[in-house]
Protein chains: 2
Amino acid sequence: MATSPSRPERRQEPLSRERIVSAAVELLDTAGEGGLTFRALAKHLATGPGAIYWHITGRSELLGAAINAVMTTTIPGDDTDATPQEAIRALALGVFDAIEAHPWVGTQLARTPSQSPMLRVFERIGRQIQVLRVPAAAQFTAASALMSYILGVAGQNAANTRALQRDTDRTEFLDSVAAAWAELDPDEYAFTRSVAGQLRKHDDREEFLAGIDLILSGITARRGCHAACTPTTRGPDS
Amino acid sequence: MATSPSRPERRQEPLSRERIVSAAVELLDTAGEGGLTFRALAKHLATGPGAIYWHITGRSELLGAAINAVMTTTIPGDDTDATPQEAIRALALGVFDAIEAHPWVGTQLARTPSQSPMLRVFERIGRQIQVLRVPAAAQFTAASALMSYILGVAGQNAANTRALQRDTDRTEFLDSVAAAWAELDPDEYAFTRSVAGQLRKHDDREEFLAGIDLILSGITARRGCHAACTPTTRGPDS
DNA sequence: ACCTGAACACCGTTCAAGT
DNA sequence: ACCTGAACACCGTTCAAGT
């Protein structure tokens, strides 16, 4: 394959922010969070570690850029004729799937609180909350609750996947946790023991969606009375 | 203060797992997650780094023990004559306060999924769910949703506190975020802009509790019909 | 402007050697 | 049994020097 001699010859692609970030994602996917090293990344790009610093400020910017790259490609576009509930579920599943494909994202997502990738999700959840006719004063709470729930599941999924890396199978892993739960002290862990069976046969995805539905129920149930109809009023403890 | 000469003299307290862990908590509180170093910890305990390894396996066990120590002292005991909702709120606030006092806990909590400190919280939330007469098949989902929400807020709070460390004031920080939101593209971030004002005057604690109440509403509203009365059935997208 | 790679100031962890 | 601290194999980041 001869390259046109008129163009400046390039033995290899020149370094660029884009190439660095996509190599970082690849490294994170294959070697995990601890595998992303400037030295390993430099070797992957056939250069020295210092070269990367010309394009990127440091490790945390690199991680942020990697998360951004993954999130923007995975989050689904708007489906115009979906109900608000369906749209929110699709959005949530987008985040869920991104973390299933790239477990390291789950750990890092919470670290970018009011920043780019999750802010876009927040915005789109919020719009659906508005479509649901939640009163203005309760919209922030509703969207925040959904976001926090999604981020919480994200973190736990990431942790589970990491713990699962040595175990062979996903169901085998759930079985071992369920078995551990079933052996807990019956007095101290009566509830946990009682749901151990449900843990064994549950589907992570379905469980995640069930939680979303639960919160959506709360949002629509309390529509129009967000301050007035608290189940029990918060008062002095005595 | 003379020590009895019959006992073996101790120039300093002997090393122990307990002393190491409490020194680690102190170090984490003052220097943050990055400040916990075996060398720094050893200096704090007036010994060499190798000594610590006689009592603790490694860094991750040390972090886990530190979290455990903080969580067990902060989570409130059972208040026997509280409503289930009040008990769950008290529990959730216990976790919230632990993270406010020790921000590094928030980042690490999710990493211990089915493990000791959060499992105790899960158990006690679950018991209250049972008191609420949620049908058995829906109990796991309800308790899990509350846990995920709590862990999600925990992670975000930890991230916020870290970002806040250089800023002077908490309200000043919220103001700067709100100001940033207000300057976003009106087309792309219409919702986010519209709630920027609520962010500025909101109280983290109240907001957190409002989210708990929202989920509790969902749990009680759907009591007895967890599978049947989904707002809109999940079906094929087309 | 962009790349190179040695060098600096750190890490967690191990382990022979001491008491 | 328990502690010591030098040593090993790493890190992220910087920076003079090259092209």
Find the partner of [N]: check Watson-Crick (N1-N3 plus N6-O4 or O6-N4) and G-U wobble (N1-O2, O6-N3) distances, both under 3.5 Å, and reply none if neither fits.
N      : answer
D/dA17 : none
C/dC10 : none
C/dC3  : none

Note to self: Using 0.5 Å steps for rounding, measure from the NE2 atom of B/His55 to the OG atom of B/Ser16.
What the structure shows: 6.5 Å

Using whole Å, report how far [atom1] of [X] lies from [atom2] of [N].
X       : N      : atom1 : atom2 : value
B/Leu62 : C/dG12 : CG    : P     : 10 Å
B/Ile20 : D/dC2  : CD1   : P     : 12 Å
A/Glu61 : D/dT13 : CD    : P     : 11 Å
B/Trp54 : C/dC15 : CH2   : P     : 14 Å
B/Leu41 : C/dC10 : CG    : C1'   : 17 Å
A/Ile52 : D/dT13 : CD1   : P     : 11 Å
A/Arg17 : C/dC3  : CZ    : C1'   : 18 Å
A/His55 : C/dC2  : NE2   : P     : 7 Å

Which one, [options], comes nearest to the side chain of [X]?
X       : options               : value
A/Pro14 : C/dA7, C/dC3, C/dT13  : C/dC3
B/Ala51 : D/dC3, D/dC11, C/dG12 : D/dC3
B/Pro49 : D/dA6, D/dC3, C/dC11  : D/dA6

Note to self: Between the side chains of B/Arg193 and B/Asp185, is the shortest nitrogen-to-carboxylate-oxygen separation below 4.0 Å, so that they form an ion pair?
What the structure shows: no

Check: Where does the angle between the aromatic ring planes of A/Phe140 and B/His202 fall among parallel (under 30°), tilted (30 to 60°) and perpendicular (over 60°)?
Finding: perpendicular

Next item on the list: Kindly assign one of parallel, tilted or perpendicular to the pair B/Tyr53 and B/Phe38, based on the angle between their ring planes and the thresholds 30° and 60°.
Entry: parallel

Notebook entry, point to check: Which one of A/Arg120, A/Arg127, A/Arg124 satisfies the salt bridge (Lys or Arg N to Asp or Glu O under 4.0 Å) criterion with B/Glu188?
Noted result: A/Arg120

